[in-house]
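To keep things clear, I will list the structure first and then write my remarks on it.
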Amino acid sequence: MDHHLSPELEELRRTVEEFAHDVVAPKIGDFYERHEFPYEIVREMGRMGLFGLPFPEEYGGMGGDYLALGIALEELARVDSSVAITLEAGVSLGAMPVYRFGTEAQKQEWLPRLCSGEVLGAFGLTEPDGGSDAGATRTTARLDTETDEWVINGTKCFITNSGTDITGLVTVTAVTGRAPDGRPQISSIIVPSGTPGFTVAAPYSKVGWNASDTRELSFVDVRVPAANLLGEEGRGYAQFLRILDEGRVAISALATGLAQGCVDESVKYAKERHAFGRSIGTYQAIQFKIADMEMKAHTARLAWRDAASRLVSGEPFKKEAALAKLYSSTVAVDNARDATQVHGGYGFMNEYPVARMWRDSKILEIGEGTSEVQRMLIARELGLAG
Ligand SMILES: Cc1cc2nc3c(=O)[nH]c(=O)nc-3n(C[C@H](O)[C@H](O)[C@H](O)COP(=O)(O)OP(=O)(O)OC[C@H]3O[C@@H](n4cnc5c(N)ncnc54)[C@H](O)[C@@H]3O)c2cc1C
């Protein structure tokens, strides 16, 4: 793995860093406080091409890859995780399934608008009774052969980007049949927003990611054309495992950004804040805490870039993606806690970015596979599966 970014990636990194500081940082605190989706910021991210980063130009993308996406996510999350998760979910969970598994017609229909950020995509896997155990999916889709339509019934929960004014589609997983041994066959189906019978609840009240959109979805006799099946019937389980493997690389870059943002804010504050006649940054206890935070952010970066390099070059990357996700989310939580400590009482005040980072960090150990699930995947890759 080359640790130098190519000139193109360095240019992308600098552009997103500037955008995060000049456009996101001054505004996002207010959106967060109001629990409001930042449409104008997301539109600007679309104009910059961020939603099209890992897709070919023929579909309106930027011709990059997961390394480019990770670079952008890390720089955004150094400043704010709500906008970063909007991008991560829009690309990895919304558009990528269409790109990886869609027919040419589905790609032509959806990808140009998803890549430009004109519409957002979402991925509906989790259900009230099945998150980690995604095989427990209860949502069903029955093919009505008379009308050649899927009829979908069920509920999905915690779905990112699913209810904004610009959400265009949700890819849902549903049981479409049973294997001879009785196991459910799961398929993925594209449901456009606004389809009759498909309703989105009001946004959840969350601990963090307050300027991102997360909702419960309900499907009551929702009819979509048979052609909305994404990929092969019964292959939905294998498809979302692939999508989640890739998504972990992206989430890991996001978590690294949060961990690094905690360092940035702590260094700044430690130089400004005085106690007992000296800046607190001159005390070894503070210096060591920040040095450890930097070590963790740096190591997390190596881990996600290693997983991304393997993914991009077509090598196996499942274990490295799980390692990167597990490590980066753990250190994001560590750094958010320590950065808050460096800030003292001000760290508990929402006007300070570290307070937002603290609230945003915990979900990183839960979403797109909990830390326990990552450990299960790593153990399985080591041949320890039961
Ligand atoms: C803000 C937010 C956004 C989200 N966005 C999306 C989205 O866009 N799309 C989507 O489909 N989902 C989304 N999710 C859902 C998320 O992926 C799940 O919450 C997560 O996978 C955990 O599932 P669960 O909540 O059902 O917890 P559970 O699976 O019920 O787990 C509860 C606890 O038990 C542990 N556990 C479970 N099984 C085992 C086991 N075998 N061994 C040891 N421990 C175990 C878990 O690690 C966890 O600690 C989102 C969630 C949140 C909170």
Side-chain angles (χ1 to χ4, degrees), residues 32 35 37 77 80-97 114 120-139 154-164 167-174 186 188-191 193 200-219 230 236-237 239-248 250-252 254-255 258 322 325-326 329-330 332-333 356 359-380 384-386:
Y32 198 89
H35 292 219
F37 189 79
D80 177 69
S81 290
S82 292
V83 294
I85 191 59
T86 300
L87 176 64
E88 194 278 339
V91 173
S92 293
L93 303 180
M96 194 54 84
L114 290 165
L120 283 177
F123 189 65
L125 170 67
T126 306
E127 301 195 353
D129 293 320
S132 307
D133 183 10
T137 299
R138 294 202 179 153
T139 296
T155 306
K156 298 286 175 181
C157 64
F158 309 144
I159 307 306
T160 306
N161 285 347
S162 58
T164 71
T167 300
L169 72 94
V170 181
T171 299
V172 294
T173 50
I186 296 175
S188 304
I189 299 173
I190 297 175
V191 181
S193 298
V200 295
Y204 291 98
S205 167
K206 295 175 296 205
V207 170
W209 284 0
N210 284 332
S212 83
D213 181 75
T214 323
R215 313 226 186 190
E216 180 169 288
L217 314 180
S218 153
F219 302 85
L230 192 59
Y237 195 76
Q239 286 171 11
F240 70 65
L241 290 184
R242 165 77 196 198
I243 289 300
L244 291 179
D245 281 342
E246 295 183 354
R248 277 172 197 137
I251 279 281
S252 178
L254 189 159
L258 188 146
K325 203 281 184 172
L326 175 60
S329 57
T330 305
V333 174
R356 207 167 63 236
R359 293 166 64 166
D360 290 342
S361 63
K362 183 59 202 169
I363 178 60
L364 297 168
E365 294 184 321
I366 297 169
E368 296 200 31
T370 64
S371 292
E372 290 77 12
V373 166
Q374 306 311 316
R375 289 186 170 94
M376 283 157 59
L377 290 170
I378 295 163
R380 200 173 296 155
L384 293 171

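This is a predicted model, so every value here is computed, not measured. Counting convention: from 1, in listed order, for ligands and their atoms alike.
With ligand atoms numbered from 1 in the order given, ligand 1 contributes 7 (C), 8 (O), 9 (N), 10 (C), 11 (O) to contacts under 4.0 Å with heavy atoms of Phe123. The distance from ligand 1 to the heavy atoms of Trp209 drops below 4.0 Å at these ligand atoms: 1 (C). Using a 4.0 Å cut-off to heavy atoms of Glu368, the atoms of ligand 1 that qualify are 17 (O). The contact set between ligand 1 and Ile159, taken as ligand atoms under 4.0 Å from a residue heavy atom, comprises 7 (C), 8 (O), 9 (N), 10 (C), 11 (O). Close approach to Ile366 involves these atoms of ligand 1, each under 4.0 Å from a residue heavy atom: 20 (C), 21 (O).
Protein heavy atoms come within 4.0 Å of atom 4 (C) of ligand 1. The presence of a protein heavy atom under 4.0 Å from atom 34 (O) of ligand 1 is ruled out. Within the 4.0 Å cut-off (strictly below), a protein heavy atom is located near atom 28 (P) of ligand 1.
Contact annotation: the side chain of Leu120 approaches that of Phe37 to within less than 4.5 Å [non-hydrogen atoms, C-beta and beyond]. No side-chain heavy atom of Glu127 sits under 4.5 Å from any side-chain heavy atom of Thr155. Here the side chains of Val207 and Lys362 are not in contact, with every heavy-atom distance at 4.5 Å or above. Leu254 is listed as a side-chain neighbour of Leu364, based on a closest heavy-atom distance under 4.5 Å. In this structure the side chain of Arg248 never reaches within 4.5 angstrom of the side chain of Ile251, judged on heavy atoms.
Taking atom 8 (O) of ligand 1 as the reference point, the nearest protein heavy-atom neighbour is Thr160 N, 3.0 Å. Atom 19 (O) of ligand 1 has its closest protein heavy atom at Phe158 CD1, 3.8 Å. Given atom 31 (O) of ligand 1, the protein heavy atom at minimum distance is Ser132 OG, 3.8 Å. From the protein, the heavy atom lying nearest to atom 24 (P) of ligand 1 is Gly131 CA, 3.9 Å.
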Open item on the list: As a quick check of understanding, evaluate side chain to side chain contact (heavy atoms under 4.5 Å, CB included) for Leu244 and Leu125, giving each step before the final call.
Closed with: CA-CA 10 Å; Leu244 291 179; Leu125 170 67; 3.9 Å; yes
Open item on the list: With side-chain hydrogen bond (donor to acceptor under 3.5 Å, both in side chains) as the criterion, how do Ser162 and Lys156 come out once you've worked through the C-alpha distance, each side chain's angles and the decisive distance to 0.1 Å?
Closed with: CA-CA 10 Å; Ser162 58; Lys156 298 286 175 181; over 6 Å; no
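Ring-plane geometry between Phe123 and Phe240 is classed as perpendicular, the angle between the planes exceeding 60 degrees on a 0 to 90 degree scale with a lower cut at 30.
Residue Ile363 touches ligand 1 through its side chain alone, judged by heavy-atom distances below 4.0 Å. Heavy atoms of Tyr204 found under 4.0 angstrom from ligand 1: none, in either backbone or side chain. Contact annotation for Thr370 and ligand 1: only side-chain heavy atoms (C-beta onward) come within less than 4.0 Å of the ligand. When heavy-atom distances to ligand 1 are checked against a 4.0 Å cut-off, Met376 comes that close only through its side chain, counted from C-beta outward.
Not counting sequence neighbours, Tyr32 has no partner by the ring pair (Phe, Tyr, Trp, His ring centres under 6.0 Å) test. Considering only residues two or more places apart in sequence or on other chains, Ser371 meets the side-chain contact (heavy atoms from CB on, under 4.5 Å) condition with Leu326, Ser329, Glu365, Arg375.
Between Gly130 and ligand 1, a contact under 3.5 Å exists for no N or O pair. Considering both main-chain and side-chain atoms, Gly367 never comes within under 3.5 Å of ligand 1 through any nitrogen or oxygen pair.
Nearest to atom 43 (C) of ligand 1 by heavy-atom distance, out of Glu127, Glu365, Arg375, Glu372, is Glu372. Across Leu93, Thr126, Ile243, heavy-atom proximity to atom 11 (O) of ligand 1 is greatest for Thr126.
Lys206 places a side-chain N or O within 3.5 Å of a backbone atom of Ser212 that can act as its donor or acceptor partner. With hydrogens and angles ignored, the 3.5 Å screen pairs no side-chain donor or acceptor of Asn161 with any backbone N or O of Ala122.
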